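For reference, the structure discussed in these notes is given below.
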Amino acid sequence: IRFKTRLVVLATALSCAFAGAAAAADVKPRLIRFGYGLNEDSVQGRAARHLAQELEKISGGKLKMKTFGSANLGSDEQMQGALVGGAQEMMVGSTAPLAGMVKEFGVFDLPFLFNSEKEADAVLDGQLGQDLLKKLEAKGLVGLVYWENGFRNMTNSKHPIVRAEDMQGIKLRVMQNQIALGVFNTLGANAVPMPFSELFTALETRTVDGQENPITTIQSSKFYEVQPYLTITRHVYTPWVVMASKKWWDKLSPDEQKLVRQAAEASRDFERKDSRADSLKAMGTLEQAGMKINTVSPEEVARMREKVQPVVDKYTQELGPDLIRQLNAEISKARN
Ligand code: TK8
């Protein structure tokens, strides 16, 4: 009996301690609007829901997140603006349009940089990736974590891309920054910058002939309905960044900020795993959907690399040779 009593006393003391900690935590009921560009059935959609559930769970139901897919709160660029102005709390979007605010994000548009997801993870979660996130604060954004968008491949409505020359005359939608534009124009395409939210219609109406994105997106956005040719090029690995409005973030208590960070980290781990699994499945789905798929040969990739070298050199100067040296050092460290 004495032993049991002691146990009960201990249990009561423990639960009081926990309740005390929860009460002491400064967490107010809040509603967070989280926007993203792809549809609900995409890797982004699944990870956004995971983030919302995780946050609600660890905050004891106080921090509620409402997610808005399909660019319903605006394109990546428009949402960036809304976060800076404080009209929207959180979003996930590509690094490419962020380069307009913090030019160094352009490093992720340099072609043929990473060989594997593992190398990308190491750089993004390492010094360089984290330094870039910190640079956002001066612009009114809080960069929390990177999600995987992935290695990008090309689709078009004209013909398979076997050689770089096959890009000649193809009107190709690219993400909105100078490096992406320079790379594809140099490869011979007629590059047209455009927000992702306008892309499906542009492909459908033949305003553009092609686009480039990871196969997970080519599948979830149903580009196979309007693009018969898929060419596996893996020409660039681009990430997504989960961000918060700095105006809003500064009003959160340290406890609240900690919970949001924690949930964001959980969503990152979930999303990368899901993206990699989905990427393996997507190829089969696209084939079944009738896409004609080809892979550019390693020799041709080498030719493409050579062709775009002047663009890489130009932006190495513009982004800073030291930054590019650090980038290459972090990649080779992950590679070996
Ligand atoms: C979605 C975009 C998309 C990106 C693009 O909003 O623009 O092509 O790959 O994922 O961020």
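Please read all numbers here as calculations on a predicted model, not as lab measurements. Numbering of ligands and ligand atoms starts at 1, following listing order.
Under 4.0 Å from any atom of ligand 1, one finds heavy atoms of residues Gly37, Leu38, Asp76, Ser94, Asn149, Arg152, Arg173, Met175, Phe196, Asn213, Trp240.
With Phe68 as the aromatic partner, Lys66 meets the cation-pi criteria of under 6.0 angstrom to the ring centre and within 45 degrees of the ring axis.
Between Trp147 and Phe34, the angle of the ring planes lies from 30° to 60°, which puts this pair in the tilted group. The aromatic rings of Phe196 and Phe223 lie tilted to each other, with the angle between the two planes from 30° to 60°.
Sorted by first and then second residue, the salt bridge (Lys or Arg N to Asp or Glu O under 4.0 Å) pairs involving residues 71-84 (not counting sequence neighbours) form an empty list.
A salt bridge is defined here as a Lys NZ or Arg NE, NH1 or NH2 lying under 4.0 Å from an Asp or Glu carboxylate O, and Arg272 with Glu117 fails to meet this definition.
In the hydrophobic clustering of this structure, Ile232 does not group with Val183; members are Ile, Leu, Val, Met, Phe, Trp, Tyr whose side-chain heavy atoms approach within less than 4.5 Å, directly or through other members.
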